[in-house]
Amino acid sequence: MQLDDLYQEVILDHYRNPRHSAELAEGEALVDEENPLCGDHLKLDAHVADGKLTDVRIHCQGCAICSASASMMAEAVSDQPLDAIRRKAAAFLALLRGESAPNEEELGDLMALRGVAEFPLRVKCATMPWHALEAALKRLAP
Amino acid sequence: MQLDDLYQEVILDHYRNPRHSAELAEGEALVDEENPLCGDHLKLDAHVADGKLTDVRIHCQGCAICSASASMMAEAVSDQPLDAIRRKAAAFLALLRGESAPNEEELGDLMALRGVAEFPLRVKCATMPWHALEAALKRLAP
Amino acid sequence: MSAKPFDPRALRTDFPALGRVFSDGRRLVYLDNAATTQKPRAVLEATRRYYEESAGNVHRAVHRLAAEATGLYEEARQKIATFIGAPSPKTVVFTHGATEGINIVAHGWARKFLQPGDAVLVTAMEHHSNFIPWQQAAQARGAKLLLAPVLDDGTLDREAFRKLLTPEVKLVALTHASNVLGTINPAAELIREAHAAGACVLLDAAQSAPHLPLDVTALDVDFLVFSGHKLLGPTGIGVLFAKPELLDAMDPLLTGGEMISRVWDDHATWAEPPQKFEAGTPHIAGAIGLGAAVDYLAGIGHAALRQHEQQLTDYALEKLGALPGLKIFGRAPERLGVVSFAVEGLHPHDIAQFCDRDGIAIRAGHMCAQPLLRRLGVPAVSRASFHLYNDTDDVDALAESLLGARKYFHAT
Amino acid sequence: MSAKPFDPRALRTDFPALGRVFSDGRRLVYLDNAATTQKPRAVLEATRRYYEESAGNVHRAVHRLAAEATGLYEEARQKIATFIGAPSPKTVVFTHGATEGINIVAHGWARKFLQPGDAVLVTAMEHHSNFIPWQQAAQARGAKLLLAPVLDDGTLDREAFRKLLTPEVKLVALTHASNVLGTINPAAELIREAHAAGACVLLDAAQSAPHLPLDVTALDVDFLVFSGHKLLGPTGIGVLFAKPELLDAMDPLLTGGEMISRVWDDHATWAEPPQKFEAGTPHIAGAIGLGAAVDYLAGIGHAALRQHEQQLTDYALEKLGALPGLKIFGRAPERLGVVSFAVEGLHPHDIAQFCDRDGIAIRAGHMCAQPLLRRLGVPAVSRASFHLYNDTDDVDALAESLLGARKYFHAT
Ligand SMILES: Cc1ncc(COP(=O)(O)O)c(C=O)c1O
Ligand SMILES: Cc1ncc(COP(=O)(O)O)c(C=O)c1O
């Protein structure tokens, strides 16, 4: 396993230039997650309109994997129907757990994070934004 | 270390034919000691007359080492002055702890138990009667 | 493996210590397996590899040594989960040994949930490690400790057990097999009865896990503990299994590093089980070695092992039972290869010392079961206990040595 | 030994794991010694010999294997008593590790003797293992937990410490050296002050014992703990020292086999210390290995070791401190070879992952010291920590890798 398999170019690009990134004031975010082990901290805000997720904004203070995963997630789920997002989330978490054949079509760019599964101690970094998203969906569309 | 160094002929003789051995009824003994680890159980009774230890009677339910040590002790201390007994006890316990040059003159026959020092797990078997004796002396001549 | 005939002599070569020859030319006849077993090369190799290649700490760093160590450690947990039929490796807590496992439950569960007037039911054949923690916990909570008696043949008094199983009983702490009598208790039935009466069950598998197949799911047992060192594994490692909801409900016994989620100045939150119960740096090499030990046992196969040990035990009971003045304690029909005995006129320590002269390692003493020995009416016993590498030659050697001991101590 | 020049490269050959070469041809640069150290061959040999020759249980049987095992186990206890200047091996309790040692005191002493309104004083630089047990014990007893603050240079705020040392303080639980800042606390002085104020002191020597000479008698310390795996020894073993009168007064944390004197149905009495605190079969191989580890360290000599590590630390502070955007946490004048740092714009986990590519093992995370890191204002740090086998080449490799990491993650 090479380092470059973990930090693929697209990941580093999202890390350096996070999409849907925004300062979120105290209390403004829908979800506030911390991973005490590595100190990653992520706030997520979003809304639902017409059954789609809109206005996704994320503030992530984390490692490259966490930040990139958050940024790529934001891009992948913005303005998507909620059930499609739930499918995508399930597919992504399965990918990171190293389960079965990944649904490449469903995942698209997110496939770049596949290498993280080979680094068990970093898996949480990649999944944390998605767990935050799941928490947000529970609140937005219980 | 050979087994015969531990169980010397004189030890086996005392074990088979314990001296100063007596049934001691409930409450009759001055000291009642048990070693829970190996289940040795010893009762000792004695009196003091003219500064000497008399009427030493021991009931020992123990292994060969414990029984022989009790029997040899009874013989060695019977009708002896208390301070001579205290010296002998100290010399014996030092011998069993493997300390310094043993006082062979003081110890006499008891030297046969010297081999026990090489079997650390059996040392308590040999010293228990002497600890009982010390307890008895504390009561008889505090 | 199961097709090959079971050959204890061949298996012996897997165990370096059993190749030992003493200075007097005698070979080691190791019959103290209920105290601790010898270790196969595979176990020693697994721990050596960890120390020589992957000696990182677990769970906390991203470098390769730590990642490898974490992988090996968690792989061992998975192996043990499979070995005992646990639903998930998350229900497998690594401990110091059976004793610590029992104490974790006695502190974190019993002292938390027992109410004054409640009761803990144990049997009269428990090892001190499955006895004193309950005595202390019951005392601390104003609860009662009840003892189910043992019949003359060494089996549990089932009638009495059932009578004692009143609604006050919140926990039954039960040895799966006695380290003195060899008796195998009918765990599945007793657990069913306990559950029907509303009690949880802790099964002390310290003696059974090395010899019998275990299935915590089929048994529906609430807690189960065993020790690695009795199961061909390293010292200092053991296992506590508990149902997930019990692990969630229990408090941790030890607190500190590795078992936390968040720590503030005035409070802290715990990690999920099993980490919640593994404070501090764990015995990484021990866990890995225990994983290798269960692999080794699985390779032998439980059916073949059981058949061998039963034949050997039958042989021993007959051979030893026929010796003059020898009395065997425990004649349960379902039993392990654990044979405790007394020889008339000989003290157990002298017997064991004499056997040692002949290179034979047996145990003498109270076997950490004073309440049972008081009932047997003896302060100490001698005990021979078998494992896969023993055979009838070992029993013959013991029998001969016991005859020799009588002569030695009582010749006139 | 002391006459020979100190040669870390030569010493490295004593450690099989340090000979490791990764598949990409890089050698292992091991800089995570504060988490766990590598083991010299002498330690692995000592444990191997136990398993292959003397694998009996301790204290309980008279056969040769048990006698040898008991002898080796108690010999290790004596070696450790000598290593820490203890008055007697009876004051040396074998534990699972530093964490268990602290918990034994927190349960058996603090929860027994603390009264409502009493206080435990710790510092803001404690490891979770020397923090949460006191937080929990204080809470359980209605006592207070006081935190002595840390100054900006990473040293203890002595003034504040003295002010907090009121008569309510019954115990000061203090790390001898910080696993984050490297700071060595002036243990002797702090113990004097604590005693003058009527408090007992527990010294957490997990980080100091592997590097500094310890003398519990000269320090007059009441309790001291450390772990074997950080001291070139095996996993799963550690030491608790306590003054004899404290060991007598304390309750045991674990109960069960080996720690008893007599057991009745309704009560039990304990063995004398240290057995009173060693319930169950101990980690025999671990204790023997730890004995070999202290022998190895003694053979190196503390003076030479300290000089080497100080030079290396000075070099590292200068070299790493000069890197762009790198900030070092802790600049205490008296310090160990533990260097925690942040690199602007890089997350510690990415740093550690990148270093790992270069074969360099450093640690990233909260270092089990969340209360301290909260005060430092960071959720995680990176940490390099040295032992006798490290040299300036290792530091150079780290510095180069850190430069590489900046480029890797921020090149546009
Ligand atoms: C200062 C300090 N105290 C206590 C501990 C806990 O040691 P262990 O995890 O070996 O129990 C550590 C190491 O993790 C430490 O650095
Ligand atoms: C039935 C039983 N339970 C518990 C124990 C305690 O095991 P350990 O000493 O390994 O903690 C033993 C062995 O000594 C045992 O035989």
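What you see is a predicted model, and the numbers here were worked out from it, not measured in a lab. By convention in this document, chain letters (A, B, ...) are assigned in the order of the sequence lines, proteins followed by strands, and residues within each chain are numbered from 1.
- The structure places CG of C:Asp356 at 8.5 Å from CG of D:Leu65, a figure rounded to the nearest 0.5 Å.
- Your options are C:Ala66, C:Pro16, C:Ala138, and the one with the most heavy-atom pairs under 4.5 Å with chain D is C:Pro16.
- By number of non-hydrogen pairs under 4.5 angstrom with chain D, the leading residue of C:His229, C:His127, C:Lys39 is C:His229.
- In terms of heavy-atom pairs under 4.5 angstrom with chain C, the leader among D:Ala124, D:Ala287, D:Ala55, D:Gly365 is D:Ala55.
- Two residues are said to be in side-chain contact when any heavy atoms from C-beta on lie closer than 4.5 Å; D:Asn103 and C:Thr255 meet this criterion.
- The only option from C:Glu53, C:Glu52, C:Glu68 that meets the salt bridge (charged side-chain N to carboxylate O under 4.0 Å, His left out) definition with D:Arg20 turns out to be C:Glu68.
- Under a 3.5 Å cut-off, the side chain of D:Thr99 and the backbone N or O of C:Gly256 do not form any donor-acceptor pair.
- In terms of heavy-atom pairs under 4.5 Å with chain C, the best-connected choice from D:Gly19, D:Ala67, D:Ala61 is D:Ala61.
- Using a 3.5 Å distance cut-off with no hydrogens or angles, the side chains of D:His283 and C:His283 do pair a donor with an acceptor.
- Put simply, the side chain of C:Trp270 reaches to within 4.5 Å of the side chain of D:Ile132, judged on heavy atoms.
- Between C:Tyr30 and D:His63, the two ring planes are perpendicular [angle over 60°; tilted spans 30° to 60°].
- Taking chain C as the reference chain and counting heavy-atom pairs below 4.5 Å, the highest number among D:Pro234, D:Gly286, D:Gly97, D:Ala364 is found for D:Pro234.
- Proximity to chain C involves both the backbone and the side chain of D:His96, based on heavy atoms less than 4.5 angstrom apart.
- Looking at D:Ile284, the atoms closer than 4.5 Å to chain C (heavy atoms on both sides) sit in the backbone and in the side chain alike.
- C:Tyr51 approaches D:Ala17 most closely through the heavy-atom pair O-CB, 3.7 Å.
- Ranked by heavy-atom pairs under 4.5 Å with chain C, the first of D:His366, D:Gln139, D:Arg262 is D:Arg262.
- Remark: side-chain polar atoms of C:Ser129 are not paired, donor with acceptor, to backbone N or O of D:Gly280 under 3.5 angstrom.
- Contact of D:Phe131 with chain C is made through the side chain alone, with heavy-atom distances under 4.5 Å.
- Chain C forms more heavy-atom pairs under 4.5 Å with one residue of D:Trp264, D:Tyr50, D:Phe15 than with any other, namely D:Trp264.
- Using modelled atom types, no side-chain atom of C:Asn57 and backbone atom of D:Thr36 make a donor-acceptor pair closer than 3.5 Å.
- Contact count versus chain D (heavy atoms, under 4.5 Å) is highest, among C:His349, C:Arg41, C:His267, for C:His267.
- Interface remark: C:Pro282 contributes backbone atoms only to the contact with chain D (heavy atom separation under 4.5 Å).
- Checking side-chain atoms of D:Gln370 against main-chain N and O of C:Val263 turns up a donor-acceptor pair under 3.5 Å.
- Taking CZ of C:Arg64 as the reference point, atom SG of D:Cys355 lies at 11.5 Å (rounded to 0.5 Å).
- Among all heavy-atom pairs drawn from C:Cys368 and D:Gly257, the shortest one is SG-CA, 4.1 Å.
- Nearest heavy atom pair, residue D:Leu253 against residue C:Leu254, reads CD2-CD2, 3.7 Å.
- In this structure, chain C has heavy atoms under 4.5 Å from both the backbone and the side chain of D:Gln353.
- Top candidate by heavy-atom pairs under 4.5 Å with chain C, chosen from D:Leu147, D:Ile260, D:Leu145, is D:Ile260.
- At a threshold of 4.5 Å between non-hydrogen side-chain atoms, the residues D:Asp265 and C:Arg375 count as touching.
- Taken to the nearest 0.5 Å, the CG atom of C:Leu44 stands 9.0 Å off from the CZ atom of D:Arg48.
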